[in-house]
*Asks:* 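First the structure, which I've put down as structure tokens, then a few questions once you've had a look.
Since this is a predicted model, take the numbers as computed values, not measurements. Chain naming here is simple, since letters A, B, ... match the order of the sequence lines and numbering starts at 1 in each.
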Amino acid sequence: MLRYVYASDLNDFPKLARTMFRDRADQFKTRLGWDVSVDPEGYERDEYDDLNPLYVIWEEPDGSHGGSMRFLPTTGRTMVNEHFSDLISGPIKSPLIWECTRFCLTSGAGGHVAAALMLGGGEIMQNFGVEHFVGVFDARMVRMLSHDRVVARGAGQRGRGARTDQCGTLAF
Amino acid sequence: MLSARTATKPVELILEELEKADGLEGLQTATEALCEHYKIDHVIYHWVDSAGEQYGCGTYSDTWRHRYLELNYLRIDPVIIGCFQRFHPVDWKRLDWSSKAARAFQADAISHGVGNQGFSVPIRGPNGQFALFTVNHSCDDDAWANWTDAQRRDLILIAHYFNQKALEFEPDRTPEQSRDLSPREIDAMTLLAMGYSRAQVADTLSISEHTLRVYIERARFKLGALNTTHAVARAMSLGLIVV
């Protein structure tokens with residue numbers, strides 16, 4: 001099932017949280033080779049996880065993580081503004097634009113998981129008055145997203161090949 | 001509500017007056033004007049900082065306001081508890097009113113003229129600052145759902161414009177975000193002011209229409225505007241674009 005959980009409420013879902021941060025380590029560090037830090041418990045967490053983001057998480061029947069993404073309002077601190085401002089000509093700030101980062105699927109997740117997460121993104125737009133999501137994706141993720149009929153449109157990019165970082169909007 | 005076709009002050013004008021306000025009275029005036037404009041019972045802006053200090057303005061009665069403080073309802077109010085540290089707008093029906101204390105609080109509120117329907121926009125400002133912008137009314141669920149659906153985005157923007165103004169009055173505030181438009185935003189707003197359609201603007205600037213929409217969105221918020229037309233008008237009156 002799809003869950004919407006703020007970081008401050010993750011304690012209510014210990015298994016889900018544990019497996020999410022481990023799956024993130026597996027996806028971003030092991031499989032994609034991103035320069036992310038993994039703590040001794042095997043969790044991939046960064047400073048933005050400490051800002052009480054909203055996670056949209058697909059929970060498997062056994063209570064473990066199947067896929068997730070992380071949302072923060074662009075009126076506060078965001079990755080796009082703090083690390084990728086060279087791609088977007090100045091900070092993006094609006095209460096109607098949220099940042100979507102750490103789109104993660106557990107290894108071997110079925111297509112329904114990504115589809116459910118897309119649905120979750122659409123629900124956020126519909127119910128929370130959000131007009132746009134912005135995010136940073138590398139080239140592999142852009143391919144994966146387009147497979148799920150999510151259009152990732154670049155506003156700017158840097159790097160080449162599989163290591164291309166694109167900053168752009170997601171249209172669900 | 002629902003038939004807002006009378007000659008009330010347009011929201012654009014209310015926001016521009018709010019923008020010029022140099023004290024809390026300006027916030028108060030704006031809540032009253034919004035009530036009148038939308039034909040709803042109450043509009044409230046409520047600030048709570050990380051130390052539990054609070055202040056607010058709005059159209060609740062003085063009696064209710066005093067009672068809220070006196071009985072320390074901040075500790076019980078499901079709207080505060082349910083919105084604190086959140087950033088998505090909340091219909092009051094989605095909050096947890098199940099406890100005895102919460103139900104008693106709600107009954108007390110209603111007996112003091114607070115409506116049964118509410119919609120609150122939480123705002124997380126710098127340094128743990130937290131504020132709520134709330135619209136409140138008495139009506140049935142369907143009418144309320146229709147109205148909030150239609151007004152949601154405007155209410156979110158208005159909420160943030162209130163908070164920006166309130167932050168200006170903080171003694172040791174951090175410098176406000178720049179109102180200057182980026183070169184791309186100036187290009188986009190100028191072409192829009194010249195009557196280009198979004199598709200034409202995107203084409204002229206060689207960017208996708210989605211990227212253009214993000215630029216417009218960002219400019220709209222910088223300009224304190226409600227919609228694109230309002231943003232273009234603001235940019236022109238501030239001399240940020242010349243057509």
*Asks:* Over 60° means perpendicular and under 30° means parallel, so classify the ring planes of B:His88 and A:Tyr6, tilted if in between.
*Replies:*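 Answer is parallel, since the angle falls under 30°.
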*Asks:* Using non-hydrogen atoms and a 4.5 Å limit, figure out which bit of B:Arg153 sits close to chain A: side chain, backbone, both or neither.
*Replies:*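 Contact with chain A is through both the backbone and side chain of B:Arg153.
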*Asks:* Which one wins on heavy-atom pair count under 4.5 Å against chain B: A:Pro53, A:Pro95, A:Ser94?
*Replies:*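 Highest number of heavy-atom pairs under 4.5 Å: A:Pro95.
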*Asks:* Against chain A, label B:His160 side chain, backbone, both or neither, depending on which of its atoms sit under 4.5 Å from a heavy atom there.
*Replies:*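 The side chain, not the backbone.
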*Asks:* Can a side-chain donor-acceptor contact be found between B:Asn136 and B:Thr134 if the only test is distance below 3.5 angstrom?
*Replies:*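 Looking only at side-chain atoms, B:Asn136 and B:Thr134 do not form any donor-acceptor pair under 3.5 Å.
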*Asks:* Rounded to the nearest 0.5 Å, how far does SG of B:Cys139 lie from CG of B:Asn116?
*Replies:*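 With rounding to 0.5 Å, CG (B:Asn116) is 6.5 Å from SG (B:Cys139).
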*Asks:* For B:Arg213, is it the side chain, the backbone, both, or neither that has a heavy atom closer than 4.5 Å to a heavy atom of chain A?
*Replies:*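 For B:Arg213, backbone and side chain are both near chain A.
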*Asks:* Please flag which part of A:Leu54 lies under 4.5 Å from any non-hydrogen atom of chain B: side chain, backbone, both or neither.
*Replies:*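 Contact with chain B is through both the backbone and side chain of A:Leu54.
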*Asks:* Pair up each side-chain donor or acceptor in residues 236-243 of chain B with any protein partner under 3.5 Å, not counting sequence neighbours, and list the distances.
*Replies:*
from	atom 1	to	atom 2	distance (Å)
B:Ser237	OG	B:Ala233	O	3.4
B:Ser237	OG	B:Arg234	O	3.2

*Asks:* Using a 4.5 angstrom heavy-atom cutoff, name the option from A:Leu72, A:Asn52, A:Val130 with the most pairs to chain B.
*Replies:*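 Highest number of heavy-atom pairs under 4.5 Å: A:Asn52.
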*Asks:* Would A:Trp98 and B:Phe87 count as a close aromatic pair, with their ring centres under 6.0 Å?
*Replies:*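 Yes, ring centres under 6.0 Å apart.
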